[in-house]
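The structure appears right after this line, and notes come after that.
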2 protein chains.
Amino acid sequence: MNIGQASDASGVSAKMIRYYEEIGLIRPMGRTGNNYRVYGEEEVHVLRFIRRARSLGFSLEETETLLKLWQDQSRESAAVKDVATAHIADLERRIAEMQGMVKTLKHLAHCCGGDQRPNCPILDDLAGDAPAPAPRKTKQPA
Amino acid sequence: MNIGQASDASGVSAKMIRYYEEIGLIRPMGRTGNNYRVYGEEEVHVLRFIRRARSLGFSLEETETLLKLWQDQSRESAAVKDVATAHIADLERRIAEMQGMVKTLKHLAHCCGGDQRPNCPILDDLAGDAPAPAPRKTKQPA
DNA sequence: TCTTGACCTTCCCATGATGGGAAGGTCCAC
DNA sequence: GTGGACCTTCCCATCATGGGAAGGTCAAGA
């Protein structure tokens with residue numbers, strides 16, 4: 001199986017497969033005489049594993065840890081759960097951060113007329129107590 | 001006011017102030033004879049505006065748009081609201097995506113013993129129906 | 001006056017994960 | 001034997017930010 005077929009079979013782009021090899025996430029593959037990488041079913045399984053981990057938001061570093069745990073028959077499931085739990089906490093922290101933004105923005109947008117008049121509480125919030133600056137371009141047109 | 005003082009006053013790092021100037025988000029500042037940038041109160045207000053916009057998750061591109069609207073006395077508040085509304089939608093999309101990950105991960109973590117035994121539904125999920133690969137290193141130790 | 005340390009300047013590099021594309025080699029089907 | 005679809009490596013871009021080097025400047029204190 002060439003890299004294109006492994007890509008189709010795993011859903012990981014050929015570009016990424018080469019990158020994962022470069023950073024040591026997957027082993028360097030064997031080559032045929034023409035210097036093409038050769039893949040088998042097992043490599044495709046590994047790539048699918050990586051894709052699934054990425055789709056759940058795990059970083060490549062976390063994915064590498066999970067991959068090693070998967071390949072370690074004597075792993076303790078606690079180690080896997082720790083990685084997942086930490087990731088959940090990180091996701092929840094980021095979600096809360098964004099929800100805070102949304103809450104503020106929705107309030108401001110609600111208070112904004114959204115019409116042809118210039119008065120705008122959104123800009124007022126961003127400006128703080130600063131006076132509107134003198135009209136000028138921040139970027140000169142070419 | 002030198003860049004360090006403008007940084008302290010605005011909460012934007014000197015590094016970022018120079019970068020914002022480089023990409024045209026803020027005007028190139030005047031220089032003193034020793035080639036130091038000079039800032040006034042108005043520039044600090046602009047930097048605070050940028051910082052506030054960034055803290056609400058607006059991209060630098062969106063921030064530039066908002067900055068121009070702020071400086072345009074004849075703006076229509078609808079234009080500002082449009083930017084905010086689109087950003088809210090983007091945040092909500094990303095939040096929903098992450099919430100989906102959290103939901104899946106919490107379910108898997110809940111089902112995982114998290115003990116010293118190797119059996120792990122989290123890895124089972126990541127692996128799909130693939131057999132556990134033969135134990136091997138993905139990265140050779142030095 | 002000289003030194004020291006805290007500034008400032010520009011320039012280059014790194015992040016994380018991915019894509020785009022060029023230049024060149026290979027293989028297969030017609 | 002030729003064209004097109006592959007493959008290879010290499011470089012660059014993203015987005016916003018930080019780190020750090022090498023060198024210039026300034027102010028305060030001995």
Side-chain angles (χ1 to χ4, degrees), chain A residues 1-26 28-40 43 46-67 87 90-91 94 97-98 101 138, chain B residues 1-26 28-40 43 47-67 87 90-91 94 97-98 101 138-139:
Chain A
M1 196 166 21
N2 284 340
I3 199 170
Q5 294 162 307
S7 171
D8 289 345
S10 66
V12 177
S13 73
K15 208 85 177 171
M16 280 301 100
I17 296 175
R18 292 194 196 96
Y19 175 65
Y20 294 160
E21 179 184 314
E22 183 191 331
I23 65 172
L25 182 61
I26 58 178
M29 293 311 302
R31 306 287 182 117
T32 54
N34 54 25
N35 202 30
Y36 288 10
R37 290 171 179 82
V38 189
Y39 298 85
E43 283 78 24
V46 169
L47 289 170
R48 286 213 193 101
F49 182 102
I50 293 170
R51 190 173 67 106
R52 175 72 177 144
R54 297 284 306 127
S55 79
L56 287 174
F58 287 107
S59 68
L60 286 185
E61 194 176 355
E62 289 164 332
T63 300
E64 184 174 4
T65 302
L66 292 170
L67 204 44
H87 180 46
D90 187 51
L91 284 169
R94 285 153 56 195
E97 191 182 346
M98 290 196 287
M101 294 175 184
T138 52
Chain B
M1 194 165 21
N2 284 340
I3 199 169
Q5 294 162 308
S7 171
D8 291 344
S10 66
V12 178
S13 74
K15 209 85 177 173
M16 279 302 100
I17 296 175
R18 293 193 196 96
Y19 175 66
Y20 292 162
E21 179 184 315
E22 184 191 331
I23 64 172
L25 183 60
I26 59 177
M29 294 311 301
R31 304 288 181 115
T32 55
N34 54 25
N35 201 31
Y36 287 11
R37 290 171 179 83
V38 190
Y39 297 85
E43 283 78 24
L47 289 170
R48 285 213 193 101
F49 182 102
I50 293 170
R51 189 173 68 106
R52 175 74 177 142
R54 296 284 304 127
S55 78
L56 287 174
F58 287 107
S59 69
L60 287 185
E61 193 175 356
E62 288 165 333
T63 300
E64 183 175 4
T65 303
L66 293 169
L67 204 45
H87 180 46
D90 187 50
L91 285 169
R94 285 153 56 195
E97 190 182 348
M98 289 195 288
M101 294 175 185
T138 53
K139 208 184 219 172

Side-chain contact test, heavy atoms from C-beta onward, threshold under 4.5 Å: evaluate it for B:M101 versus B:E97 and give yes or no. yes

Taking C-beta and beyond as the side chain, do B:I17 and B:S7 meet within less than 4.5 Å on heavy atoms? yes

For the pair made of [atom1] in [X] and [atom2] in [N], what is the distance, rounded to whole Å?
{"X": "B:I23", "N": "D:dA13", "atom1": "CD1", "atom2": "C1'", "answer": "15 Å"}
{"X": "A:E64", "N": "C:dG16", "atom1": "CD", "atom2": "P", "answer": "12 Å"}
{"X": "A:R31", "N": "D:dT9", "atom1": "CZ", "atom2": "C1'", "answer": "10 Å"}
{"X": "A:I50", "N": "C:dT18", "atom1": "CD1", "atom2": "P", "answer": "10 Å"}
{"X": "B:R54", "N": "D:dG18", "atom1": "CZ", "atom2": "P", "answer": "10 Å"}
{"X": "A:M1", "N": "D:dC6", "atom1": "CE", "atom2": "P", "answer": "16 Å"}
{"X": "B:E21", "N": "C:dC11", "atom1": "CD", "atom2": "P", "answer": "12 Å"}
{"X": "B:I17", "N": "C:dC7", "atom1": "CD1", "atom2": "C1'", "answer": "14 Å"}

In terms of side-chain heavy atoms of [X], which of [options] is nearest?
{"X": "A:K15", "options": "C:dT10, C:dG19, C:dT18", "answer": "C:dG19"}
{"X": "A:N34", "options": "D:dA16, C:dT18, C:dC27", "answer": "C:dC27"}
{"X": "A:S13", "options": "D:dA16, C:dT9, C:dG19", "answer": "C:dG19"}

Could you tell me whether the side chain of B:R48 and the main chain of B:A9 form a donor-acceptor pair under 3.5 Å? yes

Verify, without hydrogens or angle tests, whether B:R51 (side chain) and B:S10 (backbone) share a donor-acceptor contact under 3.5 angstrom. yes

If you take all heavy atoms of B:V38 and B:M29, which pair is closest and at what distance? O-CE, 2.9 Å

May I ask you to evaluate whether B:R37 reaches the phosphate of C:dC8, defined as a side-chain N or O under 4.0 Å from OP1 or OP2? no

Side-chain N,O (B:Y19) to OP1/OP2 (D:dG18) below 4.0 Å: no

With sugar-phosphate meaning primed atoms plus P, OP1 and OP2, does B:R18 contact a base, only sugar-phosphate, or nothing at under 4.0 Å between heavy atoms? base

Heavy-atom nearest nucleotide on DNA chain D for B:E61 versus B:Y36: which residue maps closer to 5'? B:E61

